[in-house]
Amino acid sequence: MRIDIITVLPEMLEGFFNCSIMSRAQKKGIAEFHIHNLRDYTFDRYRKVDDYPFGGCAGMVMKIEPIDRCISALKAERNYDEVIFTTPDGEQFDQKMANTLSMTQNLIILCGHFKGIDYRIREHFITKEISIGDYVLTGGELAAAVIADAVVRVIPGVISDEQSALSDSSQDNLLAPPVYTRPADYKGWKVPDILLSGHEAKIREWEFQQSVERTKQLRPDLLK
Ligand code: ADE
């Protein structure tokens, strides 16, 4: 899978994609991340990517020309399944959307900034608008990183134990059960006996019950 990210803050994303599992996914040849600096698609000496809004309201708006040049250059090279725009007024991102996007080949993610982007970009280029939650970030970069991470980690082979992506909280609408590691007794705080019993079937049943209990308590909305 290939993900092209268009941003005015490439340095914010480069570190992220060169770490840990995202970096490993690239080394394994499963995912490619290409970060494009929107300022490289400007033609003026100030490399201007924003301008005052028509109508005189406050804030700056991302200009249409550099975004058009960048997206058009990418689309001339290959077909894209989705051209995503990160914005707080987009569709709410969730595991189901991550799973669906993980089955695509090529994605563009345009990171929003300033007061917004010239609306014609949304009308003519964007195929999917995504919000990662009901709060407003200073820019779309963190949202792009969240989306790319959640999408890529469910591609088979990215996480070494494939089971672990499938048994996540939210894949089955249940929160994960508690997990423990050694020592079994730390300052008198003990790991539940059942986990030390070696009884595989009973352990799985206990985990399931814990998942249901935690979901009822913490996220009853998931059980509806
Ligand atoms: N840009 C600013 N806030 C955002 C959010 N909550 N989701 C996606 N993009 C954003």
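Please read these numbers as outputs of a predicted model, since none were measured by experiment. One-based numbering, in listed order, for ligands and for the atoms of each.
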Could you grab the distance from atom CG of Asp81 to atom CE of Met103, nearest 0.5 Å is fine?
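If we round to the nearest 0.5 Å, Asp81:CG and Met103:CE are 11.5 Å apart.
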Taking only Lys NZ, Arg NE, NH1 and NH2, and the carboxylate oxygens of Asp or Glu, determine whether [X] and [Y] approach each other closer than 4.0 Å.
{"X": "Arg122", "Y": "Asp89", "result": "yes"}
{"X": "Glu200", "Y": "Arg204", "result": "yes"}
{"X": "Asp118", "Y": "Arg120", "result": "yes"}

Check whether more than 12 heavy atoms from other residues, nucleotides or ligands sit under 6.0 Å from atom CG of Asp193, and answer yes or no.
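Not buried by this count: 12 neighbours or fewer within 6.0 Å.
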Students should find this: residues with any non-hydrogen atom under 4.0 Å from ligand 1. What is the answer?
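Close residues (ligand 1, cut-off 4.0 Å): Thr86, Thr87, Pro88, Ile130, Ser131, Ile132, Gly133, Tyr135, Val136, Leu137, Gly139, Ala143.
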Take Glu205 and Gln209, measure what side-chain hydrogen bond (donor to acceptor under 3.5 Å, both in side chains) needs, and give me the verdict at the end.
CA-CA 6 Å; Glu205 174 58 23; Gln209 291 306 335; 2.8 Å; yes
